Number of protein chains: 2
Amino acid sequence: MNSLNYAVKILKKAGLRCTPGRIEIVSILLDSEHPLSQEEITAELSRNGLDRVTVYRALEAFLKVGIVHRVETGDRLWRYALCACGSRKHCHPHFVCRECGRVECLTGVKLPTFTEPKPGYKVEEQETYLKGICPECAEP
Amino acid sequence: MNSLNYAVKILKKAGLRCTPGRIEIVSILLDSEHPLSQEEITAELSRNGLDRVTVYRALEAFLKVGIVHRVETGDRLWRYALCACGSRKHCHPHFVCRECGRVECLTGVKLPTFTEPKPGYKVEEQETYLKGICPECAEP
DNA sequence: ACAGTAAACGCAAATTTGTTGCGTTTATAT
DNA sequence: ATATAAACGCAACAAATTTGCGTTTACTGT
């Protein structure tokens, strides 16, 4: 199934409307290897793209119904990635390159789970960021 | 030793000037159980406090010489805590309460260290945020 | 197919958080 | 005491995101 059709399916399942704009956003996220910011998404939209605000609102709606997760890596940009696990909890750590700023989901890396790291402190969500240098930026 | 005297010591050791403003900022951080934002610090300053910009610049200077570490927990606020370990790397995870927004350093909790989670991806710094509900906010 | 309705949209303006420029004050080494 | 670089205050700026509001559009139920 191509990503446009799959995007429709995702939106329908989430109970959101299948507008051309939202379908395209989901499809862009589907095709991306890493979480994207509003600006990156807007840049990939077809010529007569969407308003910034519309993209922000769509992403917020996606977050609310749990089809994306949101990461903040220290550069004060929200980035969004489709969330296979279907919850807002981050099931994997994220790698952030200090050179190019790209964020990568380390889906293969398992994390220890903390439920109550200190008496009375109940954990609902867990995020780990590994910051460093990615293979492309490490090139000599 | 009271926190004002200790603050002077910290600043001297870091090679920074002991101005009344910076001494007070360090002393506020010393007395705090958790990382503080510029706004929280400014609120705790004595009546004729400091300009926002001055606080930001002081915190930036502290970060540069490594006497504080900075956390960003997803609400787009920088928070700063004195750093016993003397490095900018975060040696412990942080707990973030979804109700009151307060951030706590989990100094007792050990984390597994990743050096190369994926071939070619070199980790320099590692941050873990545990988000949930703190004992005070969990009260019925 | 068609009308009604809530969701989605676009545009303008506002908000929030942090930064820069620049002239003045002050801690500290000499 | 004095020179000087660090620290400061004020005003203006900047980037990312949010809010308000009127218009358009996808979908539900005839």
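Residue numbers start from 1 in every chain, and the chains themselves are labelled A, B, ... in the order their sequence lines are given, proteins ahead of strands. The shown structure was predicted, so the numbers you read here are calculated from the model rather than taken from an experiment.
At a threshold of 4.5 Å between non-hydrogen side-chain atoms, the residues Leu59(B) and Trp78(B) do not count as touching. A 4.5 Å side-chain heavy-atom check between Cys134(A) and Glu99(A) finds every atom pair outside the cut-off. In this structure, the side chains of Val26(A) and Tyr6(A) stay at 4.5 Å or more apart for every pair of heavy atoms. Residues Leu11(A) and Arg17(A) fail the side-chain proximity criterion, which asks for heavy atoms closer than 4.5 Å.
Nearest-nucleotide positions on DNA chain D for Ser37(A) and Ala58(B) put Ala58(B) closer to the 5' end. Residue-to-nucleotide proximity on DNA chain C shows that, of Tyr56(B) and Gly21(A), the 5′-proximal contact is made by Gly21(A). If you find the closest nucleotide of DNA chain C to Arg76(B) and to Val53(B), the one lying nearer the 5' end belongs to Arg76(B).
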- In 5'-to-3' order, the base (B), backbone-only (S) or no-contact (-) status of each nucleotide in nucleotides 25-30 of chain D, using a 4.0 angstrom heavy-atom cut-off, is BBS---
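Heavy atoms of Arg52(B) sit under 4.0 angstrom from at least one base atom. Arg57(B) comes within 4.0 angstrom of a base, heavy atoms only.
Other residues, nucleotides and ligands contribute only 12 or fewer heavy atoms inside 6.0 Å of the CD atom of Glu39(B).
The span of DNA chain C lying next to chain B, judged by atoms under 4.0 Å from heavy atoms, is bounded 5' to 3' by dT17(C) to dT28(C).
When the C1' atom of dA15(D) is taken as reference, atom CG of Asp75(A) falls 12 Å away, rounded to whole Å. One can place CH2 of Trp78(A) at 14 Å from C1' of dA15(D), the figure rounded to the nearest angstrom.
Under 3.5 Å, the side chains of Glu24(B) and Ser27(B) contain no donor-acceptor pair of N or O atoms.
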- Show your working on side-chain hydrogen bond (donor to acceptor under 3.5 Å, both in side chains) between Gln38(B) and Tyr56(B) and close with a plain yes or no. CA-CA 7 Å; Gln38(B) 168 270 315; Tyr56(B) 277 120; 3.2 Å; yes
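Among residue pairs with one or both ends in residues 104-128 of chain A, those qualifying as ring pair (Phe, Tyr, Trp, His ring centres under 6.0 Å) are Tyr121(A)-Phe95(B); sequence neighbours excluded.
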